[in-house]
Amino acid sequence: YYLLNTMTAKAHQRIFQQGDCDDRLYFIESGKLKLSCYDKQIKKNVVFANLAKGDICGVETFFTHTTHTTTLTVLEDAQISYLDKKSYQKLLAEHLSIDAKLIQYCENNQKKLNLQNADSLVRRAHPRFQTTLTGKIQRIDKKGNLSDQVSTVTVADISMGGLCCMTSNLGV
């Protein structure tokens, strides 16, 4: 709670935009906001969620290293609290168990998206290129030593925002 920063946002202000990188987790304290994305296939913005007091936003980009697939715009002046990644990393260094608790809290309280035609909606700002690359990975400890266990990784797609990969048996 004490690590949260606050901001006041005016109507029509964009908090983040589709395709941008952001390292904040947003908690809406008051006001009204909308989540939208520009769909290249239909060439227009699609609004698929309205946010208000108690809603959380930015979960996807906060816990993963990806770009925003949506734009958050203020409809009515808003008060927003946010947690930035740098402050969160410091907290994690002292309290490792908080990560799972915050993720669970966000999963339980994140606004469900109102998508009528979700299969045809293209939310990514950058093109994704499908691949079937495979490789091997090993965990490294804080001293830089490799673990004995080797896991297989498959890269499913690559984009300007990063890559999507699948792995198992990380020995966590």
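Everything numeric here is computed off the predicted structure, so don't read it as measured data.
- Put simply, the side chain of C106 reaches to within 4.5 Å of the side chain of F63, judged on heavy atoms.
- For V153, the side chain to side chain contact (heavy atoms under 4.5 Å, CB included) partners at least two apart in sequence or on another chain are I137, C165, T167.
- Between V74 and H12 the shortest side-chain heavy-atom distance does not fall below 4.5 Å.
- Judged purely by atom type and a 3.5 angstrom limit, Q138 uses its side chain to pair as donor or acceptor with the backbone of S147.
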task: Show your reasoning for whether side chain to side chain contact (heavy atoms under 4.5 Å, CB included) applies to L33 and L75.
output: CA-CA 5 Å; L33 301 96; L75 297 173; 5.7 Å; no
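- In this view, F16 and Y26, H68 satisfy the ring pair (Phe, Tyr, Trp, His ring centres under 6.0 Å) rule, not counting sequence neighbours.
- Summarising the local packing, NZ of K32 is surrounded by 12 or fewer heavy atoms from other residues, nucleotides or ligands at distances under 6.0 Å.
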- request: Start with the C-alpha distance between Y38 and K43, add both sets of side-chain angles, then the distance that settles side chain to side chain contact (heavy atoms under 4.5 Å, CB included), and finish with yes or no.
  value: CA-CA 7 Å; Y38 182 77; K43 295 184 170 95; 3.5 Å; yes
message: Checking I15 against M7 for the side chain to side chain contact (heavy atoms under 4.5 Å, CB included) test, could you report, in this order, the C-alpha distance in whole Å, the side-chain angles of both residues, the deciding distance, and whether it holds?
response: CA-CA 10 Å; I15 305 301; M7 66 185 282; 3.7 Å; yes
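- Salt-bridge check for D77 with K10: passed, with a basic side-chain N closer than 4.0 Å to an acidic carboxylate O.
- Judged by distance alone, the side chain of N109 and the main-chain N or O of Y105 form a donor-acceptor pair under 3.5 Å.
- Under the 4.5 Å side-chain criterion, counting only non-hydrogen atoms from C-beta, T6 is not in contact with E29.
- Counting only heavy atoms from C-beta outward, the side chains of T61 and T67 never approach each other to under 4.5 Å.
- In the hydrophobic clustering of ILVMFWY residues, with side-chain heavy atoms under 4.5 Å counting as a link, L91 and L102 come out together.
- With S30 contributing its side chain and Q79 its backbone, the two residues share a donor-acceptor pair below 3.5 Å.
- Shown here are the salt bridge (Lys or Arg N to Asp or Glu O under 4.0 Å) partners of D55, two or more places apart in sequence or in another chain: K111.
- Side-chain atoms of T71 come within 3.5 Å of backbone N or O of Q18 as a donor-acceptor pair.
- Taking every heavy atom of both residues into account, S87 and L3 meet most closely at O-CD1, 3.8 Å.
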